[in-house]
Amino acid sequence: MALEKNYDPSAFEGPLYERWEKSGAFACDPDSKAGPYCIMIPPPNVTGSLHMGHALTFTVQDTLVRFKRMQGYDVLWQPGTDHAGIATQMVVERQLAQEGLDRRSMGRKAFLERVWAWKEESGGTITRQLRRLGASLDWPRERFTMDPALNRAVNKVFVQLYRESLIYKDKRLVNWDPKLLTAISDLEVEQREIKGHLWHFKYPVEGSDDFIIVATTRPETMLGDTAVAVHPEHPALKSLIGKNVRLPLVGRLIPIVGDDYADPEKGTGAVKITPAHDFNDFEVGKRHDLPKINIFDAHARLNDEVPEAFRRMDRFEARKAVVAAMEELGLLDKIEPYVHTVPHGDRSGVPIEPWLSEQWYCDAQTLAAPALRAVEEGQTNFVPAQWANTYYAWMRNIEPWCISRQLWWGHQIPAWYGPDGRIFVAHDEEEAQKEALEVYGKETALQRDEDVLDTWFSAALWPFSTLGWPEQTPELARYYPTSVLVTGFDIIFFWVARMMMMGLHFTGNVPFKTVYIHALVRDKKGQKMSKSKGNIIDPLEIIDSYGCDALRFTFCTMSTPGRNIKLDVARVEGNRNFATKLWSAARYAQMNDCRYDPKFDPDKVTQTVNQWITRETASLARGVSAHLEEYRLDLAAQEVYEFVWHRFCDWYLEFTKPVRDLAEVKACTAWVLVQILKILHPFMPFITEALWEPFVEGGSLLMKQDWPVYKMSARTEATEEINKVINIISAIRATRAALNVPAGAKIPLLVKDADAQTFEAHKELIQTLARLDSIAFTENVPRASAVDVVDGITLIMPLEGVIDFDKERVRLQKEAAKWADLAEKTAAKLANEDFTARAPQEVLEEHQERLTQARAMEEKLGTALRALG
RNA sequence: GGGCAGUUAGCUCAGUGGUAGAGCAUCUCGUUUACACCGAGAGGGUCGGGAGUUCGAAACUCUCACUGCCCACCA
C-alpha cells in the first residue's frame with residue numbers, strides 16, 4: 001500500500017482508534033506475569049465535554065500509559081466519569097426552567113429520573129471525545145461514581161466513619177449558597193474582590209447622649225446584632241465596656257463587650273457583632289454567650305426576626321432600606337468607598353451567606369494525620385516535589401469538611417430518622433429498620449435524610465471503589481496502590497488530599513505512589529481560558545484542523561513542570577509540520593523499497609553512516625526513556641523531534657541518497673524508521689501506527705510492540721567521523737552562502753591539513769551535499785581563494801572572479817578575531833594559578849585543548865588571510 | 001499578611017557550576033525527483049537589578065524589583 005503524498009490525519013485517526021479498541025489492546029490483564037502499572041483517570045463530569053485542560057491531562061496520561069505498556073507492564077488505565085452533583089443538577093434545573101418547570105414541584109423521584117435521562121443522553125459525549133484524543137483507556141472497565149457498586153462503597157465508608165465518630169452531624173455556621181440553596185465546603189468558596197462601601201453607623205449608648213460608631217460592609221446584618229465589641233485596652237472606648245446600646249431600627253438592648261477580636265486599628269475601633277451571620281462574630285458570641293439571631297431564610301431574605309417593615313426583603317434590597325432608615329434617623333455617620341473581598345459560591349457566582357444550619361461533617365483533621373505522614377515519609381511522592389508543600393500547608397490546617405449538600409443528584413446520605421429525631425446510620429433501609437426495632441421495640445416508620453453527599457466524597461474513594469472495594473477483588477490486590485496520579489494543581493485539595501485520607505483509612509495503603517502535577521493550559525497570552533473572555537480554544541477544532549498527534553505533541557513539548565502552558569495554535573501548526581515531515585520521510589523510504597527486516601542486526605552494519613545512525617538511535621531511545629521515567633515529557637518530545645528532523649531527515653537520508661540502492665542502507669533506513677515509530681508512538685500514536693502498517697508484514701499493531709532496548713557495541717569512531725563530515729559540509733555551505741556563490745554552482749575544493757582518510761571515505765557525500773565538482777589535497781593556500789577552517793582542516797575554494805575578496809577578507813578577519821578572543825580568554829584562565837591549582841583535571845585538559853584549537857584556528861585563518869593578499 | 005512559582009533572543013521556552021541553546025518569527029538564497037506543511041544559510045541575548053560564595057555563576061546563597069498563582073484576613 002503506497003502512502004498518500006500528503007499527511008492527512010483525518011483519514012486514519014478514527015479507523016485506527018477503532019482497530020485498537022476492537023483488538024483489545026487497551027485491556028489490562030490481571031493474570032499477566034508482567035508487573036502492574038495503573039493510572040486512575042480523574043473522572044470528568046459525565047455530562048461534560050472535552051476542554052483543553054482535559055486534553056492536556058489525558059494526553060500526558062496516555063503518553064505514560066502507552067510507554068509503560070510497550071515496556072511490558074500490565075497496564076490498567078481505569079476509565080470513568082463523575083456524577084458532579086452541583087454542576088449536573090444545575091444543568092438539568094436550567095433545562096427545566098426553560099420548560100417552565102422546577103424540581104420541587106415535580107418531586108424528587110421525577111427529578112432524578114430526569115437527571116438520569118440526561119446522563120444517558122449526554123454521558124457518551126466525553127468518552128467519545130476521549131477516543132478522538134487517542135486515549136487508550138480500558139473501556140470495558142468504565143465506572144461511574146453513581147454505579148450501584150460504587151454507591152455501596154460510599155455507604156460502607158459513611159457508616160464506618162460514623163461509627164468511628166469521624167462523621168457527625170452539627171449545627172453551626174456554614175457557607176450557604178442562597179441561589180443553589182445548599183451548603184458548600186470551604187473549598188467551593190471563592191474570594192472575589194469587590195468595590196463596595198464602608199458604612200459608619202451611630203449606635204446610641206444607653207443612659208447617655210453618646211453614640212458608639214461602628215463600621216460595616218453589610219448594613220443589613222445589623223438587624224441581627226447582639227453586641228458591640230471593643231478592644232479591652234482601647235484607650236477611648238474601653239470605658240464603655242459593660243454598658244448597653246439601643247440597637248437602632250430594632251430597639252433591642254445589646255451589650256458592649258470587651259474582646260481581643262476588636263482591632264483598635266480597624267474601622268472605628270468598635271465592631272458590631274452578628275453571631276448568626278459572620279464566622280468571626282460567631283466565635284465572639286460563643287465567648288460572651290450572646291444570643292444568635294438568624295435573620296435570613298434560605299434565600300437570604302429577611303425573616304420574621306426583624307421589624308415588620310423589613311420582612312421578606314432580599315439581602316441587597318434590605319441593605320438599601322437599612323441605610324435609608326438609618327440616615328433618616330440621623331444615625332448614618334458616613335459612607336466610605338471600600339474595596340474588600342467577598343466570598344462567592346464557585347458554581348453559583350453569588351455571595352455566600354454564613355448561615356446557621358444543621359449539616360453532616362467529616363473529621364478531616366483526624367483523617368489527615370496519616371495522610372500527612374505518608375507524604376512526609378515518602379510513601380507518596382509529589383512531582384515536582386514543591387507541591388508537597390501546598391499539600392502540607394492545607395492538611396496541617398485542615399477544617400472539618402462539610403459533606404452534606406441540599407441537592408437531590410448524588411449519593412443520598414445513608415441516615416434515617418425516627419419520629420423522635422433519633423438517627424440511624426446504616427448500609428441500607430433494612431439495616432436501619434432493624435436497629436430501630438431494637439431501640440423502639442416495634443416497627444417504626446423512619447424518614448431518610450434528604451441530603452446527598454458532596455461529589456468529592458465519592459471521588460475520594462475512586463482509586464479503590466473502581467477496583468471493586470469493599471470486595472477483596474484480584475484487581476484491588478493487583479493494581480492498588482496505583483502507580484501514579486496525574487492531575488493539575490487546582491484539585492490537590494479537592495481530590496488528591498481526600499483520596500489520600502480515605503485510601504489510607506480504608507485500605508491501610510496510599511492510593512498512589514506518585515502524584516504528578518502538570519501545568520494548567522492558558523491562552524497564548526497566559527490568561528485563563530474562559531467563555532466570558534472569549535479566548536477558549538476547542539481541542540476538537542484543533543484536532544480537526546491539525547490532527548490529534550499535533551495537539552498531543554504540542555502538549556508534551558510544552559509541559560515543563562512548574563510552568564503554565566501558553567497554548568499558541570502556531571505551535572500546533574509547527575508540530576503538524578513535524579508530522580508531515582515524518583510522513584514524507586516514510587514515503588521516501590517506501591519509494592526506495594526500504595523494508596523492515598526483523599532479522600536486521602544494527603550492531604553488524606558495516607557502513608560508517610549506518611554505524612553512526614544506529615548508535616544515535618540507541619542513544620535517542622535511552623534518552624527518551626530516562627526523560628519519561630522522570631516525567632519530563634517536554635525533554636523527551638524535544639529529543640525525538642530533534643532526532644527525526646535534524647539527524648534522520650536532514651543528514652542520514654541525505655547522506656544515503658547517493659547509495660540508496662545498497663541493501664544495507666535500505667535495511668538500515670527501514671530499521672531506523674521503525675525505531676522512530678516505536679519511540680514516537682506514546683507521543684503521536686496515530687501517525688506512528690499508520691506508518692507502521694506499510695513497513696511490517698502481518699498486520700500487527702505498533703502499540704503492542706516492545707519498547708526498544710538495544711545491545712549494541714559503541715561505535716564512537718563512526719560518530720566522530722560523521723560529525724567531522726557534517727562540520728565540513730556545514731562550513732562549506734556557510735562559506736558559499738556568505739559569499740553568494742549560486743546554490744546551483746558546483747565548485748572545486750582544495751583541502752589542507754586534512755586526514756586523507758575522511759575525505760577518501762566520504763568523498764561522494766561531501767561532494768554531493770556541499771555541491772562540489774572536485775576535491776583535491778594541497779600543501780599551500782593558493783591566492784585568491786575563499787577559505788574556512790574546521791576541526792583543524794583548511795577548506796579552500798578557489799573562486800577568483802566569482803567572489804568579492806574585500807567581503808571575504810572582512811569575513812575572515814571577523815572569524816579570526818572570534819578565535820583570537822577565545823584563545824586569549826582561555827589562556828588568561830590557564831595563567832591563573834588559582835584556576836590551575838583548583839579546577840579538576842578534566843576541566844584543565846579541556847581548556848588546554850580549547851586553547852590549542854583556538855590558536856590553530858587563529859593561525860590557519862591568518863594564513864588564509866595572507867594568501868588572500 | 002503567609003506561601004509557591006516565574007523573570008534567558010522579537011515571541012514561547014530548554015539549559016543547575018566550566019566557550020549562552022531550541023522552536024516559532026525575521027532576513028538572504030534556493031522549485032537538487034520524500035517533503036515549499038520544504039531545503040541551505042544569517043542576524044539577534046550585559047541570562048530582571050544588586051551583593052555574596054567560588055579558580056570559575058544563567059545556574060548556588062542573600063537581597064530588591066516585577067509578574068502569575070495559592071492560602072488566610074478584611075469593621
Side-chain angles (χ1 to χ4, degrees), chain A residues 3 5-7 186 191 198-200 213-218 229 261-263 265-273 278 280-281 338-342 384 386-387 389-390 393-394 397 489-490 492-493 520 522 524 526-528 546 550 557-558 560-568 570-571 573-592 632 634-635 638 641-642 645-646 649-650 653-654 657 729-730 733-738 740-744 768-771 821-822 825-826 829 832-840 842-844 846-847 850 854:
Chain A
L3 290 170
K5 180 163 190 287
N6 293 315
Y7 164 61
D186 296 344
Q191 300 294 337
L198 193 59
W199 287 271
H200 293 246
I213 300 176
V214 294
T216 180
T217 55
R218 300 205 54 195
Y261 166 67
D263 183 342
E265 305 294 317
K266 278 188 194 162
T268 61
V271 57
K272 60 192 262 331
I273 300 297
D278 181 282
N280 288 308
D281 293 5
Y338 192 71
V339 177
H340 61 136
T341 57
V342 178
Q386 71 261 17
W387 288 111
N389 294 330
T390 305
W394 191 68
N397 298 298
F489 61 79
D490 50 333
I492 291 178
F493 304 147
L520 297 187
R522 301 296 174 107
K524 68 176 173 186
Q527 293 181 311
K528 220 169 182 168
Y546 300 103
T557 53
M558 297 188 79
T560 305
R563 253 182 209 275
N564 286 332
I565 294 183
K566 294 184 197 168
L567 186 69
D568 187 344
R571 300 295 299 259
E573 191 180 336
N575 288 320
R576 188 274 319 268
N577 296 352
F578 173 60
T580 305
K581 185 77 182 174
L582 176 66
W583 184 269
S584 154
R587 190 165 149 264
Y588 166 83
Q590 191 187 45
M591 281 161 49
N592 285 287
R632 291 303 304 265
D634 57 327
L635 299 181
Q638 284 163 25
Y641 183 99
E642 203 277 336
W645 202 314
H646 299 303
C649 292
D650 286 352
L653 292 184
E654 296 304 327
K657 271 182 185 170
I729 294 167
S730 299
R733 283 171 172 174
T735 306
R736 292 176 58 124
N740 297 323
V741 176
T768 311
L769 297 190
R771 303 198 67 74
D821 187 50
L822 179 63
K825 262 173 29 191
T826 312
K829 247 175 145 178
N832 182 345
E833 277 177 34
D834 285 331
F835 175 66
T836 50
R838 296 179 202 235
E842 56 184 53
V843 173
L844 278 178
E846 205 181 287
H847 278 73
R850 190 185 303 162

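Scope of the values below: all heavy atoms of this structure, side chains included, with no hydrogens, waters or symmetry mates.
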| message | Looking at the base of B:rA40, is there any donor atom on it, or on the side chain of A:E654, that sits under 3.5 Å from an acceptor on the other one? | response |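 Checked by distance alone, the answer is no.
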Looking for any heavy atom pair under 4.0 Å, which part of the strands does [X] touch: base, sugar-phosphate only, or nothing?
X      : result
A:W199 : nothing
A:L3   : nothing
A:E846 : sugar-phosphate
A:A262 : base
A:R576 : base
A:Y546 : nothing

[X] [atom1] - [N] [atom2] separation (whole Å):
X      : N      : atom1 : atom2 : result
A:E842 : B:rG17 : CD    : P     : 13 Å
A:I565 : B:rC69 : CD1   : C1'   : 16 Å
A:D834 : B:rG17 : CG    : P     : 22 Å
A:R632 : B:rA14 : CZ    : P     : 7 Å
A:N564 : B:rA14 : CG    : P     : 11 Å
A:R571 : B:rC13 : CZ    : P     : 8 Å
A:N832 : B:rU54 : CG    : P     : 14 Å
A:H340 : B:rC73 : NE2   : C1'   : 13 Å

Of B:rG39, B:rG18, B:rA75, the nucleotide closest to the side chain of A:R850 is B:rG18
Nearest of B:rC35, B:rC4, B:rC37 to any side-chain atom of A:N577?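 Looking only at heavy atoms from C-beta outward on A:N577, the closest nucleotide is B:rC37.
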Counting just side-chain N and O atoms, does [X] come under 4.0 Å of either OP1 or OP2 of [N]?
X      : N      : result
A:R587 : B:rA34 : no
A:R733 : B:rU28 : no
A:K829 : B:rU19 : no

In terms of the angle between their ring planes, are A:W583 and A:Y7 parallel, tilted or perpendicular, with boundaries placed at 30° and 60°? tilted
* Can you find a heavy atom in the side chain of A:Y546 that is under 4.5 Å from one in the side chain of A:N575? ->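 Side-chain contact under 4.5 Å: no.
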Under the rule of Watson-Crick or G-U wobble with both distances under 3.5 Å, where | means paired to another strand and [ ] a crossing pair, RNA chain B maps to ((((((((.[[[[.)..(..]]]].(((((.......))))).....[[[[[..)....]]]]])))))))....
